[in-house]
Amino acid sequence: RLGPARELVESTVRGLSRLLSDAMSEGELPRQDPHQLALSLAGLHLTYFAAAEVSAALLQKDIHAPAMLAAREAAVVVQGRALCLAPSPPASPSPRRRAPRKA
């Protein structure tokens, strides 16, 4: 539950979604679902802090230390660019059902 932060997070994700949609319409970003992309980008930023104990345990460092915040910022830039600028993969065909194995 986001509690009081919900409004801020929701307005940020909606605004980001509109920005991404506009950029896609202008041909500045590859076409993809702007809502899903906005959620993914927001997750890059929020999860590090929202799950601070998990982040700290995984990284085994003080995640609020200046060096760690700088490292996180650099990682978010690289990952954000990859999410935004990578061409969309071709649509995959529906998974085929396997025939039951014969005993």
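Throughout, numbering of the chain's residues begins at 1 and tracks the sequence. Values below: all heavy atoms of this structure, side chains included; hydrogens, waters and symmetry mates excluded.
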Sub-4.5 Å side-chain heavy-atom contact between His45 and Val76: yes
Which atom of Cys84 lies closest to which atom of Pro30, heavy atoms considered: O-CD, 3.1 Å
Under 3.5 Å: donor-acceptor pair, side chain of Thr47, backbone of Leu44: no
Same apolar cluster (I L V M F W Y, side chains within < 4.5 Å links), Leu85/Leu16: yes
Taking every non-hydrogen atom, the tightest pair across Ser17 and His35: OG-ND1, 2.6 Å
Check against side chain to side chain contact (heavy atoms under 4.5 Å, CB included), Val54 and Tyr48: CA-CA 8 Å; Val54 173; Tyr48 181 84; over 6 Å; no
Test item: Leu37 and Asp33 side chains (from C-beta on) under 4.5 Å apart, heavy atoms: no
Verdict with supporting geometry, Asp62 and Met68, side chain to side chain contact (heavy atoms under 4.5 Å, CB included): CA-CA 7 Å; Asp62 174 5; Met68 289 303 295; 5.7 Å; no
Closest contact, heavy atoms only, Arg31 versus Ser21: NH2-O, 4.4 Å
Donor-acceptor pair, side chain of Gln32 and main chain of Leu83, under 3.5 angstrom: yes
Single-linkage hydrophobic cluster Leu69~Ile63, side-chain heavy atoms < 4.5 angstrom: yes
Test item: Leu41 and Val13 side chains (from C-beta on) under 4.5 Å apart, heavy atoms: no
